[in-house]
Amino acid sequence: MKKFKKGFTITELVIVIAVIAVLAAILIPTFVTVFDKAKGSVALQETDAVMKDYLAYNNGEIEEGTIFVHESENGTYAFIFNEGALGAITLPVDNDTTDSKITYNGTTYNASAYDESEKVTVYEIEE
């Protein structure tokens, strides 16, 4: 009579662990990218709401090139108002957004008098 062994061989276990490791190596960077995009999307939505409030505050007018900087525990995101919409931009590292001035593409911007949001600062082109 033949004896049947219970359990798995070491080879089978190593193969399963290797397959799980390969899948994890593929999926983890994907999840990181998805979470980063979600954080940027939240910042854009909150900034868009502030932009609409700012539009009402300014009697329906926003100067082209106005910059909105969104700061939260998830990071700092900057958006520029062009052609009636917000577009994401990358501020140079030397900009200190806690200051009342920032520089973008050689243009200096001053913080606006509008201060209704805790997370978003509005910067207008310096005159």
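This structure is a prediction, so every number in the text was calculated from the model and none was measured. The first residue of the sequence shown is numbered 1, and numbering continues consecutively from there.
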Listing request: all side chain to side chain donor-acceptor pair (under 3.5 Å) pairs with a residue in residues 48-60, at least two apart in sequence or in separate chains.
D48-K52, Y54-N58, Y54-E124
All side chain to side chain contact (heavy atoms under 4.5 Å, CB included) counterparts of T9, not counting sequence neighbours
T11, E12
On a heavy-atom basis, the closest approach of Y104 and T90 is CE1-O, 3.7 Å
For residues 19-28, tabulate all N or O donor-acceptor pairs below 3.5 Å that involve a side-chain atom, not counting sequence neighbours.
none

Approximate separation, where rounding is to 0.5 Å, of T103 OG1 and I67 CD1
9.0 Å
Once you round to the nearest 0.5 Å, how far does OG1 of T66 lie from OH of Y123?
13.0 Å
Nearest heavy-atom approach of I125 to E64 is CD1-O, 3.8 Å
Please give the remaining members of the hydrophobic cluster of V34, linking ILVMFWY side chains under 4.5 Å, ordered by chain and number.
none
So, taking the atom named CG in N82 and the one named CD1 in I80, what distance separates them when rounded to the nearest 0.5 Å?
5.0 Å
Does T33 have any side chain to side chain contact (heavy atoms under 4.5 Å, CB included) partners at least two apart in sequence or in another chain, and if so, which?
K37
My understanding is that a hydrophobic cluster links ILVMFWY residues whose side chain heavy atoms are under 4.5 Å apart, including indirect links. Using that, what else belongs to the cluster containing V42?
none
Residues in side chain to side chain contact (heavy atoms under 4.5 Å, CB included) contact with L55, at least two apart in sequence or another chain
I62
Nearest heavy-atom neighbours spanning F81 and E63:
CD2-O, 3.9 Å
Determine the interplanar angle of the F31 and F35 rings, folded into 0 to 90°, and report it as parallel if under 30°, tilted if 30 to 60°, perpendicular if over 60°.
tilted
With sequence neighbours excluded, what pairs up with S41 under the side chain to side chain contact (heavy atoms under 4.5 Å, CB included) test?
Q45
For the residue pair A43 and Y77, what are the closest heavy atoms and their distance?
CB-CD1, 3.5 Å
With sequence neighbours left out, write down each residue that passes salt bridge (charged side-chain N to carboxylate O under 4.0 Å, His left out) with K39, or none if nothing qualifies.
none
To the nearest 0.5 Å, atom OG1 of T107 lies from atom CD1 of I102 at 10.5 Å
